[in-house]
Amino acid sequence: MRLEFSAQLVEIDDCDTMKAIQVHQTGGPEVLKLEEIPDPRCGPAQVRIRVRATGVNPVETYLRSGNYPKIPPFPYTPGSDASGVIIEAGSDVSELAVGDRVYTSGSATGTYAEQAVCGPHQVHRLPESISFEEGAGVNIPYATAYRALFQRAHSVPGETVLIHGASGGVGVAATQLARSAGLKVIGTAGTERGRQLVSDQGAHYVIDHGKEGYLDTIRDLTGGRGVDVILEMLANVNLAKDLTALAMGGRVVVIGCRGSIEINPRDAMGRDAAILGMVLFNAPEQDLIRIHAALGAGLESGVLKPIVGRKFSLKDAHLAHQAVMEPGAHGKIVLIP
Ligand code: NAP
């Protein structure tokens with residue numbers, strides 16, 4: 001390729017390119033632009049992946065719109081969750097090799113793209129029994145659900161958990177994890193299709209979080225005792241009522257929250273209850289290693305299996321961002337590059 005700079009001719013190498021979504025400014029879904037950019041470079045301690053599917057998470061819409069504390073420098077490629085095959089491994093990488101099927105938990109270059117470069121700690125083996133589309137739905141949903149259930153709430157077998165918003169990415173993951181760990185699972189969803197999904201994933205009881213007085217049903221289901229743990233996907237709507245649905249010593253984990261809410265702290269006092277916040281990105285490295293070891297075992301044994309609800313091509317990432325914020329969740333939304 002020959003480029004002309006003020007009468008000076010410069011020779012540069014032709015480089016291979018890939019398609020990727022680029023964000024040049026904050027804004028609505030329309031700021032997600034499909035562009036042709038150079039293939040990402042793989043450092044000695046990194047691997048390069050041919051992405052086969054990418055998970056779409058609500059957090060990517062918050063980042064895109066500027067509604068998040070830390071925004072990446074522009075232009076950036078969104079996304080942390082993908083699945084694919086390693087096509088290059090740096091000279092310092094010993095435990096992964098070209099050809100390995102993997103899912104990612106973060107990336108140096110973003111995953112809304114045909115290729116992504118990751119550090120070795122951001123790459124985890126994907127069993128043959130899990131498709132690439134399913135693999136794209138592992139990281140944020142399952143790691144969040146695991147951390148909420150076991151590292152924040154310290155749930156134990158025999159306890160009852162209310163998964164408040166069980167039809168989406170995190171909720172389905174939490175339902176599978178809680179059921180396989182011996183908890184009594186009550187899941188909620190806003191549509192009949194969503195409730196069927198939650199039931200199919202192993203919830204013992206499924207209720208409609210859009211129905212007036214549905215928390216009374218929870219009290220009835222627990223013989224008036226209340227639930228031990230609540231995983232809350234929409235705390236700004238539900239937290240005040242959640243506190244009244246807890247058993248003695250109960251814990252609410254705030255996973256999702258899109259605004260503020262007034263609560264009566266007495267509802268927590270009277271039950272010795274705890275409100276536990278969490279953001280997956282705060283999890284220390286050691287906890288993440290444990291989480292992915294547990295998820296790997298669950299994926300391998302078949303106990304964990306992401307549910308893919310909708311697929312979009314990479315060029316339609318803007319439609320996927322609209323869809324992930326709409327009601328009527330049904331598992332994961334994935335992009336196919
Ligand atoms: P998602 O796939 O879009 O699912 C959203 C879930 O919220 C659906 O189950 C939906 O049910 C439910 N929901 C809607 N209205 C509700 C209500 N009034 N009460 C209870 N649940 C309600 O999203 P996701 O990936 O599962 O994430 C869920 C939330 O957690 C999002 O706000 C996300 O930003 C947040 N999140 C936080 C972390 C963290 O680290 N703290 C990590 C991952 C996700 P219907 O559609 O059936 O009504």
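Counting starts at 1 for both ligands and their atoms, in listed order. Quick caveat: nothing in here was measured; it's all calculated off a predicted structure.
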**Q.** Part of P141 within contact of ligand 1 (heavy atoms, under 4.0 Å)
**A.** neither
(Q) Taking distance alone, with N or O pairs closer than 3.5 Å, would you say V237 contacts ligand 1? (A) no
Q. Would L96 and V85 show up in the same hydrophobic cluster when neighbours are defined by side-chain heavy atoms closer than 4.5 Å?
A. no
Q. Taking N or O atoms only and a 3.5 Å limit, does M278 qualify as a polar contact for ligand 1?
A. yes
Contacts under 3.5 angstrom, residues 327-337 side chains, donor-acceptor by atom type, not counting sequence neighbours:
from : atom 1 : to  : atom 2 : distance (Å)
K332 : NZ     : V56 : O      : 2.9
K332 : NZ     : N57 : OD1    : 2.9

**Q.** Pairing of R251 and E159 as salt bridge, 4.0 angstrom limit
**A.** yes
**Q.** Subset of ligand 1 atoms that lie under 4.0 Å from at least one heavy atom of A189
**A.** 47 (O)
Q | F281, any N or O under 3.5 Å of ligand 1 N or O | A | no
With a 3.5 Å cut-off and sequence neighbours excluded, list the donor-acceptor pairs that the side chains of residues 115-127 form with protein atoms.
from : atom 1 : to   : atom 2 : distance (Å)
Q115 : OE1    : R48  : NH1    : 2.5
Q115 : NE2    : D39  : OD1    : 3.4
Q122 : OE1    : G119 : N      : 2.8
H124 : NE2    : S105 : OG     : 2.7
R125 : NH1    : D100 : OD2    : 3.0
R125 : NH2    : E95  : O      : 2.7

Q: Check whether any heavy atom of G169 sits under 4.0 Å from an atom of ligand 1.
A: yes
Q | Under 4.0 Å to a heavy atom of T144 - the qualifying atoms of ligand 1, by number | A | 38 (C), 42 (C), 43 (C)
Q) Going by an N to O cut-off under 4.0 Å, is there a salt bridge joining E133 and K311? A) yes
Q) To which protein heavy atom is atom 3 (O) of ligand 1 closest, and what is the distance rounded to 0.1 Å? A) V324 O, 3.3 Å
Q: Below 4.0 angstrom from a heavy atom of H164, which ligand 1 atoms are there? Numbered from 1 as shown, please.
A: 20 (C), 21 (N)
Q.
Looking at non-hydrogen atoms alone, which of E326, M233, H209 comes nearest to atom 13 (N) of ligand 1?
A. H209
Q) Side chains of E30 and H318: do they bring a donor and an acceptor to under 3.5 Å? A) no
Q.
Measuring from atom 1 (P) of ligand 1, which candidate in S167, G171, G168 has the nearest non-hydrogen atom?
A. G168
(Q) Regarding ligand 1, does A329 bring an N or O atom to under 3.5 Å of one of the ligand's N or O atoms? (A) yes
Q: Could you walk me through whether Y62 and R258 pass the side chain to side chain donor-acceptor pair (under 3.5 Å) test, one step at a time?
A: CA-CA 10 Å; Y62 315 151; R258 295 181 178 166; 3.0 Å; yes
Q: Take atom CZ of R41 as the centre, draw a 6.0 Å sphere, and report whether it contains more than 12 heavy atoms from other residues, nucleotides or ligands.
A: no
Q) Can you tell me if CZ on R52 sees more than 12 non-hydrogen neighbours from other groups inside 6.0 Å? A) no
(Q) One pair to check against side chain to side chain donor-acceptor pair (under 3.5 Å): Y142 and Q176. What are the steps and the verdict? (A) CA-CA 9 Å; Y142 281 78; Q176 294 175 358; 2.6 Å; yes
(Q) For ligand 1, which is the ligand I care about here, please tell me if L234 has any N or O atom under 3.5 Å from one of the ligand's N or O atoms. (A) no
**Q.** NZ (K19) with more than 12 external heavy atoms under 6.0 Å
**A.** no
Q: May I ask you to identify the nearest protein heavy atom to atom 23 (O) of ligand 1, giving residue, atom name and distance to one decimal place in Å?
A: P58 CG, 3.5 Å
Q. For ligand 1, which atoms have a heavy atom of V170 less than 4.0 angstrom away?
A. 24 (P), 25 (O), 26 (O), 27 (O), 43 (C), 44 (C)
Q.
Below a 4.0 angstrom heavy-atom separation, can you tell me which part of M325, side chain or backbone, both or neither, approaches ligand 1?
A. neither
Q.
Quick check on contacts: which atoms of ligand 1 are under 4.0 angstrom from a heavy atom of G328?
A. 45 (P), 46 (O)
(Q) Taking distance alone, with N or O pairs closer than 3.5 Å, would you say V59 contacts ligand 1? (A) no
Q) Rounded to the nearest 0.5 Å, how far apart are CE of M233 and CD1 of I255? A) 4.0 Å
Q.
Once rounded to the nearest 0.5 Å, what's the spacing between atom CG of L288 and atom OH of Y146?
A. 12.0 Å
**Q.** Reference residue V227; test side-chain contact (heavy atoms from CB on, under 4.5 Å); the match among I186, L183, V252
**A.** I186
Q) Where the closest heavy atom to atom 38 (C) of ligand 1 is concerned, which of I255, L231, V279, I333 has it? A) I255
Q | Closest protein heavy atom (residue, atom, distance) for atom 34 (O) of ligand 1 | A | Y62 OH, 2.5 Å
Q | Minimum-distance protein heavy atom relative to atom 12 (C) of ligand 1 | A | G165 CA, 3.7 Å
Q. Looking only at heavy atoms of R258, does any of them come nearer than 4.0 Å to an atom of ligand 1?
A. yes
Q) Which ligand 1 atoms, with their elements, are less than 4.0 angstrom from a heavy-atom of G190? A) 45 (P), 47 (O), 48 (O)
Q: Tell me which protein heavy atom sits closest to atom 40 (O) of ligand 1, plus the residue, atom name and distance to 0.1 Å.
A: L280 N, 2.7 Å
Q: With heavy atoms of A166 as the reference, note each atom of ligand 1 found under 4.0 Å away.
A: 9 (O)
Q) Do ligand 1 and N238 have nitrogen or oxygen atoms that lie under 3.5 Å from each other? A) yes
Q: Tell me whether L246 is reachable from L239 by hopping between hydrophobic residues (I, L, V, M, F, W, Y) whose side-chain heavy atoms are closer than 4.5 Å.
A: yes
Q. Is the closest side-chain donor-acceptor distance between H292 and Y103 under 3.5 Å?
A. yes
Q. Which part of I140 is near ligand 1, with near meaning a heavy atom under 4.0 Å away: side chain, backbone, both or neither?
A. side chain
